Amino acid sequence: MKIYKMKDYEQMSRKAAGIILAQVISRPDSVLGLATGSTPIGLYDQLVKWYESGDLDFKEVKTVNLDEYRGLTRENDQSYYYFMHQHLFHRVNICPENVHLPDGMAEDGEAECRRYEALIDSLGGADLQLLGIGHNGHIGFNEPDRYFAKETHCVKLQESTIEANKRFFASAEEVPRYAYTMGIGTIMKARKILIVANGAGKAEIVKKAFFGPVTPEVPASILQMHPDVTLVGDEEALALI
Ligand code: F6R
């Protein structure tokens with residue numbers, strides 16, 4: 001595992017974006033697994049800058065997002081579809097048909113999970129999967145549990161996640177109770193993992209996940225078993241390691 005401890009959020013974002021830039025330059029038709037949340041916003045801004053300066057081309061890039069709320073339309077400004085278009089897809093030359101997220105409005109949830117997993121497989125899996133980490137160690141919406149969920153599935157969100165995410169909604173009641181997420185198995189199939197973390201609030205969980213026991217109680221701890229993981233964090237998030 002490689003660890004980059006960067007001075008602040010800006011440096012963290014630049015370093016992580018540089019790893020994605022290198023991936024796309026070495027393989028212009030890369031399949032990028034992408035994440036939402038507040039941590040990657042700065043790195044998406046940096047990718048857009050490099051696109052605007054002509055250093056990065058998304059023409060052949062394909063993307064698969066980690067997760068999506070169940071029950072939100074694409075137009076809902078809290079859907080991950082909306083987030084990704086706002087922060088990245090609308091700002092670069094990615095082809096709309098190359099952008100993939102679970103369909104939050106699918107009628108048959110089970111079928112949607114199977115469709116999404118098969119789609120990722122049909123693209124050959126992610127070359128690089130970007131991840132953030134939740135305060136409870138979740139990756140995607142894989143919450144602490146007694147086992148590691150393998151494939152894309154629908155989860156009931158934990159109260160702590162609803163609490164953490166309510167800042168984006170008018171009230172906690174409006175946060176959807178269910179979401180689709182790639183499974184731990186889906187994530188582990190990615191050839192490279194890039195995980196980003198910033199802020200003092202992540203310091204404890206970063207230490208637990210990467211230097212504690214591998215357990216489904218801390219879903220991100222499974223990444224210790226992946227052969228190619230890069231953690232990029234700011235000094236605060238990496239203060240305890
Ligand atoms: C987002 C996702 C989540 C976030 C995590 C951290 O697609 O899957 O696991 O990465 O909740 O979120 P932030 O970055 O807001 O701290």
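For clarity, every value in this text was computed on a predicted model and none was experimentally measured.
- Without hydrogens or angle criteria, R27 side chain to Q23 main chain gives no donor-acceptor distance under 3.5 Å.
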message = For a side chain to side chain contact (heavy atoms under 4.5 Å, CB included) check, start with the C-alpha distance between L34 and F89, then their side-chain angles and the critical distance, and finish with the verdict.
response = CA-CA 11 Å; L34 298 178; F89 301 152; 3.9 Å; yes
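- At least one donor-acceptor pair under 3.5 Å links the side chain of E112 to the backbone N or O of D103.
- A donor-acceptor pair is defined here as one N or O able to donate and one able to accept, closer than 3.5 Å; such a pair exists between the side chain of S221 and the backbone of T215.
- Taking 4.5 Å as the limit, every side-chain heavy atom of D57 sits out of range of all side-chain heavy atoms of V24.
- When the side chains of ILVMFWY residues are joined at heavy-atom separations under 4.5 Å, either directly or via intervening members, V229 and M6 end up in two distinct hydrophobic clusters.
- Here the CD1 atom belonging to I133 is positioned 7.5 Å from the CG atom belonging to L223, to the nearest 0.5 angstrom.
- Within 6.0 Å of the CD atom in E10, the count of heavy atoms belonging to other residues, nucleotides or ligands does not exceed 12.
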task = Kindly indicate, with the supporting measurements, whether the criterion side chain to side chain contact (heavy atoms under 4.5 Å, CB included) is fulfilled by F148 and V214.
result = CA-CA 11 Å; F148 291 111; V214 175; 4.3 Å; yes
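- Using modelled atom types, one side-chain atom of R177 and one backbone atom of V175 make a donor-acceptor pair closer than 3.5 Å.
- Across all their heavy atoms, P219 and N136 have their closest contact at CD-O, 4.1 Å.
- Looking only at side-chain heavy atoms (C-beta outward), D29 and K62 come within less than 4.5 Å of each other.
- In this structure, the side chains of T39 and K202 come closer than 4.5 Å at one or more pairs of heavy atoms.
- Y51 places none of its side-chain heavy atoms less than 4.5 Å from the side chain of R91.
- Taking the side chain as every heavy atom from C-beta outward, L56 and V92 never approach each other to under 4.5 Å.
- Within 6.0 Å of CD in E107 there are 12 or fewer heavy atoms belonging to other residues, nucleotides or ligands.
- A donor-acceptor pair under 3.5 Å is absent between the side-chain atoms of Q46 and the main chain of S13, judged by distance alone.
- Around NZ of K208, the count of heavy atoms belonging to other residues, nucleotides or ligands within 6.0 Å does not exceed 12.
- A donor-acceptor pair is defined here as one N or O able to donate and one able to accept, closer than 3.5 Å; no such pair exists between the side chain of T181 and the backbone of D67.
- L101 and V61 fall within a single hydrophobic cluster, where Ile, Leu, Val, Met, Phe, Trp and Tyr side chains are chained together by heavy-atom contacts under 4.5 Å.
- Within a 6.0 Å sphere centred on CZ of R167, other residues, nucleotides and ligands contribute more than 12 heavy atoms.
- Partner T186 forms a side-chain hydrogen bond (donor to acceptor under 3.5 Å, both in side chains) with one of E117, Q129, E151 and no other, that one being E117.
- In this structure, Q224 contributes its side chain and M1 its backbone to no donor-acceptor pair below 3.5 Å.
- A heavy-atom distance below 4.5 Å is found between the side chains of F83 and I41.
- Heavy atoms from other residues, nucleotides or ligands lying under 6.0 Å from CZ of R74 number 12 at most.
- To the nearest 0.5 angstrom, E217 atom CD is 9.0 Å from R146 atom CZ.
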request  = Decide yes or no on ring-ring contact (aromatic ring centres under 6.0 Å, His included) for F168 and Y69, but give the supporting numbers first.
outcome  = CA-CA 13 Å; F168 303 115; Y69 285 119; 9.1 Å; no
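- V196 is not connected to V206 by any chain of hydrophobic side-chain contacts under 4.5 Å among Ile, Leu, Val, Met, Phe, Trp and Tyr, and they are in different clusters.
- No donor-acceptor pair closer than 3.5 Å links the side chain of H226 to the backbone N or O of I222.
- Side-chain atoms of Y44 do not come within 3.5 Å of backbone N or O of M84 as any donor-acceptor pair.
- Annotation: R191, atom CZ; neighbour count of heavy atoms from other residues, nucleotides and ligands within 6.0 Å is above 12.
- No side-chain heavy atom of T63 sits under 4.5 Å from any side-chain heavy atom of N98.
- At least one side-chain heavy atom of N142 sits less than 4.5 Å from a side-chain heavy atom of I187.
- With sequence neighbours excluded, the residues that form a side chain to side chain donor-acceptor pair (under 3.5 Å) with E163 are K166.
- L88 and L123 end up in different hydrophobic clusters when Ile, Leu, Val, Met, Phe, Trp and Tyr side chains are linked at under 4.5 Å.
- From L131, atom CG reaches atom CG of L231 across 10.5 Å, with rounding to the nearest 0.5 Å.
- Looking at E68, its side chain does come within 3.5 Å of a backbone N or O of Y80 through a donor-acceptor pair.
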message = Assess the residue pair L72 and Q78 against the criterion (side chain to side chain contact (heavy atoms under 4.5 Å, CB included)); give the C-alpha distance rounded to whole Å, side-chain angles, the decisive distance to 0.1 Å, and a yes or no.
response = CA-CA 8 Å; L72 297 190; Q78 294 310 324; 4.0 Å; yes
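- Shown here for N76 and Y82, the closest heavy-atom pair between the two residues is O-CB, 3.3 Å.
- Ring-plane geometry between H138 and F141 is classed as tilted, the angle between the planes lying from 30 to 60 degrees on a 0 to 90 degree scale.
- K49 contributes atom NZ, which lies 8.0 Å from atom CZ of R14 (distance to the nearest 0.5 angstrom).
- At a threshold of 4.5 Å between side-chain heavy atoms, the hydrophobic network of Ile, Leu, Val, Met, Phe, Trp and Tyr places M188 and Y180 in two separate groups.
- The CG atom of L43 sits 7.0 Å away from atom CG of L194, with the distance rounded to the nearest 0.5 Å.
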